[in-house]
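Inspection log for the structure reproduced underneath, given as structure tokens.
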Amino acid sequence: MTSPGTAALGPGDPGYDEARSGVQRSYLHRPSALVRAEGVADVRRAVRYAARHGLEVAVQATGHGLNVPTEGGVLIETSRMAHVRVDPVTRTAWAAAGTRWEQVIEAAWEHGLAPLSGSSPDVGVVGYTLSGGVGLLSRAFGCAADHVLRVDLVTADGEPRSLTPGDDLFWAVRGGGGNFGVVTGLEFALFPVDRLYAGGLYFDTPHLPAVLRAYREWTATVPDTMSSSIGLIPMPDVPGVPPPLRGRHLAHVRIAYLGTAESGERLVAPLRALGPRLVDTLGEMPFTASGTIHNEPKQPRNFYCANAMLGEFGEALPDAVLDLVGPGRGVFAVVQFNHLGAALAKRPEVENAVSHRGASHALRVVTLPQGPGRDPAHEVAQGVTRAAAPWTLGRSPNFVQGDERAYEQARECYEPAVFERLAALKAVHDPGNMFRCNVNIPPAGRQAYKLSMSTKCE
Ligand SMILES: Cc1cc2nc3c(=O)[nH]c(=O)nc-3n(C[C@H](O)[C@H](O)[C@H](O)COP(=O)(O)OP(=O)(O)OC[C@H]3O[C@@H](n4cnc5c(N)ncnc54)[C@H](O)[C@@H]3O)c2cc1C
């Protein structure tokens, strides 16, 4: 095979720069061949071409999770494979590789159903699910990977496989990320949810420390049907940010509750009692409005995210975080604590590779580097996760974002026995580590993939 396909683009071709650019802009993939896949045949051709030429393969749907860019390999860009089918009778959906959550949410809502999507409907279904996927309904139902029913995968030999329970790779891909091949489609369960009691409470800067400490205690008191997170967000003082929030260091509590508005109001009353809110959007909403709960930015940007899965939200942690990146510290960092536990702590009927189920909270710290390579913004974020070390069980692969050294974190994303099993399966199914542009699990017996950091400047 001499060509990765008729639709393949190379550096300098019209459309190459647009097609390799996703949400993450700290750096970009620099493939020697970029395939805008329209179906399984394109994916197979691209993988067989890479195998024949000894090239690495990277996959991109949206770029929300870009960490290790390809340098000279084959990039399979899947945004043209954006199709979803909902079966209201079996309460399942099938989504192709490039589908975003908003498409599934809209299609499922027509039937009074909802997927286990996360804070942003813009995120890709496949990337999110392969690395676990902790969503707005996850304390009630578990993570997205727990409810996958079938995985359509093209493996390193270019062959298509349909994975179902009982297959070793079915265990591995549900949690093991993009390490085992290119997923062309996923079938997964939907849940009978069409409305939520949900929204956000925005507290002003003087209240932020008390709200953070109180949120920590509040999460210990709520039922499994209550999912929430808190974001500590320094809002820029620029036109475009609404006046009450502009220039303020906010405590933003996000709520997604599966219950009546009356019981929801009762559950959040202790939070509302903490002080006046600059904005209070809590109320009943259709699941199709779930993206407004976190209200995350959509535009492409440079961002870096460090994370920690916490066995416990330590009593001393709020003050440690505030000392480092709280109001008045003069550093930019968005800190987020997600409440986990409940259904997330239970192993699914069909086991998978998702680890750290004992985590009570996830800590994420997002900072804004200037560009590629090491940047002071990385140190700010890592300083916060270091402060959380006494309570840290490991990392979440989904929140290793904008981090070219993602391969260094792979071990921490899995429990040791899970990591060993993933590495053993990798040695069987991808012994040449073709799929290494990710939170990489090296084949058993091989060194972790090393990147040359000096080649990252655009
Ligand atoms: C604003 C924002 C909000 C988020 N909210 C949540 C949340 O609530 N819960 C949560 O769990 N995560 C969340 N995430 C993390 C997100 O789930 C990961 O970044 C995920 O990797 C994004 O997938 P993607 O396809 O959109 O991104 P991409 O960058 O396109 O893909 C990320 C990686 O997934 C793998 N991949 C993608 N498609 C395929 C495929 N077809 N076959 C094989 N591998 C593939 C590849 O390794 C790729 O590098 C959020 C991220 C952002 C930026």
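Just so you know, ligand 1 is whichever comes first in the structure, and atom 1 is the first atom listed for that ligand. One is the number of the first residue; the rest follow in order along the sequence.
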Taking atom 1 (C) of ligand 1 as the reference point, the nearest protein heavy atom with its distance: E296 OE1, 3.7 Å
Numbering as shown, the atoms of ligand 1 that approach N438 to under 4.0 Å (heavy-atom distance): 47 (O)
Looking at Y49, is R45 sitting on its ring face, NZ or CZ under 6.0 Å from the six-membered ring centre and within 45 degrees of the normal? no
Within the structure, is a non-hydrogen atom of F435 found at a distance of less than 4.0 Å from ligand 1? no
Is the closest protein non-hydrogen atom to atom 33 (C) of ligand 1 under 4.0 Å? no
How close does the nearest protein non-hydrogen atom get to atom 28 (P) of ligand 1, and which residue and atom is it? G63 N, 3.4 Å
Residues forming a side chain to side chain contact (heavy atoms under 4.5 Å, CB included) with E351, sequence neighbours excluded: W171, R347
Nearest protein heavy-atom contact for atom 14 (N) of ligand 1: which residue, which atom, what distance? F399 CE2, 3.6 Å
Mind checking what makes ring pair (Phe, Tyr, Trp, His ring centres under 6.0 Å) contact with F399, not counting sequence neighbours? none
To check your reading of the model: name the closest protein heavy atom to atom 41 (N) of ligand 1, its residue, and the distance in Å. V183 O, 2.8 Å
Indicate, as side chain, backbone, both or neither, the part of H64 found under 4.0 angstrom from ligand 1 when only non-hydrogen atoms are considered. both
Paired with S229, the side chain to side chain contact (heavy atoms under 4.5 Å, CB included) test is passed by just one of H252, R364, R254, namely R254
Any N or O of R301 that comes nearer than 3.5 Å to an N or O of ligand 1? no
Within the 4.0 Å heavy-atom cut-off, what T62 brings close to ligand 1 is both
Quick one: does V182 get an N or O within less than 3.5 Å of an N or O on ligand 1? no
In the protein, which heavy atom is nearest to atom 5 (N) of ligand 1, and how far is it? S119 OG, 3.0 Å
Under a 4.0 angstrom heavy-atom cut-off, which atoms of ligand 1 come close to G65? 19 (O), 21 (O), 22 (C), 27 (O), 28 (P), 29 (O), 32 (C)
